[in-house]
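Working notes for the structure below.
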Amino acid sequence: MTQLTAWPPRTRADCLALDQADPLAALRRRFALPPRTIYLDGNSLGALPRDTPAHLAAVVREQWGRGLIRSWPAAGWIDAPRRVGDKIGRLIGARRGEVVVCDSVSVNLYKLLAAALRLRPRRRTILCEAGDFPTDRYIAEGLVDRLGDGYRLRCVAPTRLAAALDRDTAVLLLSHVNYRSGAMHDLAGLTAAAHRSGTLVLWDLSHSAGIVPLRLAAAEVDFAVGCGYKFLNGGPGAPAFAYVARHLQPRLVQPLHGWFGHARPFAFTADYRPAAGIDRLLVGTAPILGLAALESAIDLLLQVPIRQLREKSLRLSTLLIRRIQGELQHYGLSIVTPSHQARRGSQVSLRHRRAWPICQALIAAGVITDFRAPDVLRFGLAPAYLRYVDAWDAITRLRRIMRTEAWRDRQYARRSRVT
Ligand SMILES: *Cc1c(COP(=O)(O)O)cnc(C)c1O
């Protein structure tokens, strides 16, 4: 890591000095953030880039309003899933033509899992991690249930994954960074281990794309999916992305045969013939407005090296972990996230029996964090727009809440529908 002033910071003034010297300070100014708010939820919904509203307004007014149907070719709408996919490909170390933007993570998981099973017809097991993001598991369960014929989903503890790979494992389905704990797997190592047993891998990069340097092609990853609205800042419900290694594309058969995945959508032929490359993952008409918001956010991210974001992210998480260890552990808060830097993504998760009301009290104090059932408080760290002083102040406010037991106030007890 590059040498910085006063590291590790011991005072708030040290943090202000770090922010002054931060090479990413200019990037933060490109985001529209609400005043007096410390936003530690960029891993759930990324912040709004300043350029996005004007870009969206122009797409709506000019391309939709004036161009109307002509904008499909003239404004590049028709190429948007591939174009934005290739831009995301640069963030995750994919080759051109290996990434496409479409649908949600859940739907892309369904398509890719089904395709992976077809590529390993003699095998019946999908291996996954117990405690991984629920939608990944629900989708896999739904698929094996629908297929019948001995297909099964096997979930094991994260440390047992490599040992659980066997000759019946068709596909290893795994989040690179666990949404709850923030623990990060060795992507290249597990991919190689899977391949040694003839198993395909499907990585969910929702919590690492755009924040951890990734080299999917170099690691020979087979499949991946990821989320557009977390660290990629594409906005609420932004379309997701899907990656398929180039050599697997010609043989890839996915179950949702829609007209946009057809070799010639506008030939309107009666028979389905899949497009040649990654386009065969497309199903229906692309959400152009969602793609436009995502593209302007990706264009912004592409202006800085991911390595720089990763370095700052690790400094932020180290700062949080040190202060929590030093000042908060006697309040019953324990750190769930691995202390080893190479093993963590871009968040610090704490466990506490009363995590819910503590989280609500923090939000009331201007620190937006989130709660993950049953007892985890997550501090998501988006180094593109989070300052060192924000991390410092968040802990100071948490300490005050713990010391005064402000979280016991009845207003913080009620659970809402979205957490
Ligand atoms: C956020 C997230 C998703 C989101 O799935 P959608 O279907 O796009 O809502 C899926 N998997 C993981 C691991 C996530 O973190």
Side-chain angles (χ1 to χ4, degrees), residues 40-47 81 84-85 88 91-92 99-114 126-143 153 155 158 161 171-185 187 190 201-212 214 216 221 223-243 254 256 281-284 286-287 290-291 293-294 297-298 336-337 344-347 349 369-373 376 378-382 417-419:
L40 298 177
D41 230 345
N43 57 339
S44 248
L45 177 64
V84 184
I88 292 174
L91 298 175
I92 62 174
V99 181
V100 74
V101 175
C102 57
D103 304 311
S104 60
V105 173
S106 305
V107 173
N108 289 332
L109 281 168
Y110 192 86
K111 290 182 284 189
L112 291 181
L113 273 177
I126 298 173
L127 181 63
C128 75
E129 176 183 335
D132 209 338
F133 197 85
T135 203
D136 301 48
R137 182 185 179 133
Y138 302 156
I139 290 287
E141 272 171 356
L143 178 64
L153 176 66
C155 300
L161 286 161
V171 53
L172 172 63
L173 163 66
L174 214 47
S175 284
H176 184 209
V177 173
N178 184 278
Y179 78 105
R180 192 190 273 127
S181 69
M184 183 164 79
H185 283 297
L187 181 135
L190 271 170
V201 291
L202 198 179
W203 287 101
D204 187 332
L205 307 175
S206 292
H207 285 273
S208 54
I211 190 79
V212 177
L214 289 163
L216 260 56
V221 169
F223 304 106
V225 294
C227 190
Y229 52 80
K230 291 171 181 160
F231 290 115
L232 297 185
N233 308 312
F241 68 86
Y243 155 97
Q254 63 97 348
L256 303 180
L281 278 185
L282 299 177
V283 183
L291 270 158
L294 179 60
I298 302 289
V336 182
T337 306
R344 66 177 187 252
S346 202
Q347 71 189 60
S349 300
T369 55
D370 68 22
F371 163 82
R372 283 295 172 261
V376 169
R378 288 195 315 181
F379 288 17
L381 305 168
R417 225 163 81 78
V418 178
T419 64

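Since we're looking at a predicted model, the values are computed, not measured. As the structure lists them, so they are numbered: ligands from 1, and atoms in each ligand from 1.
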**Asked** In ligand 1, which numbered atoms sit nearer than 4.0 Å to a non-hydrogen atom of His207?
**Response** 15 (O)
**Request:** Provide the number and element of each atom of ligand 1 under 4.0 Å from a heavy atom of Ser106.
**Result:** 5 (O), 6 (P), 7 (O)
When you compare ligand 1 with [X], is there at least one nitrogen or oxygen pair between them that comes in under 3.5 angstrom?
| X | answer |
| --- | --- |
| Asp132 | no |
| Ser175 | no |
| Val105 | yes |
| Thr135 | no |

Could you tell me the residue and atom name of the protein heavy atom closest to [atom], and the distance to it rounded to 0.1 Å?
| atom | result |
| --- | --- |
| atom 11 (N) of ligand 1 | Asp204 OD2, 2.9 Å |
| atom 9 (O) of ligand 1 | Tyr229 OH, 3.2 Å |
| atom 2 (C) of ligand 1 | Lys230 NZ, 2.3 Å |

**Prompt:** What part of Val107, side chain from CB on, backbone N/CA/C/O, both or neither, has a heavy atom under 4.0 Å from ligand 1?
**Reply:** neither
Write down the atom of [X], the atom of [Y], and the distance for their closest heavy-atom approach.
| X | Y | result |
| --- | --- | --- |
| Cys102 | Leu281 | SG-O, 4.2 Å |
| Ala293 | Gly234 | CB-O, 3.6 Å |
| Ala114 | Leu143 | N-CD2, 3.6 Å |
| Asp136 | Leu173 | O-CD2, 3.8 Å |
| Ala373 | Arg180 | O-NH2, 3.0 Å |

**Asked** With under 30° as parallel and over 60° as perpendicular, where do the rings of Trp203 and His185 fit, or are they tilted in between?
**Response** tilted
**Request:** On the 0 to 90° scale, with breaks at 30° and 60°, tag the Phe231-His207 ring pair as parallel, tilted or perpendicular.
**Result:** perpendicular
**Message:** Please confirm whether Ala240 approaches ligand 1 to less than 4.0 Å, judged on its heavy atoms.
**Reply:** no
**Request:** Return yes if a side-chain donor-acceptor contact under 3.5 Å exists between Arg378 and Ser44, otherwise no.
**Result:** yes
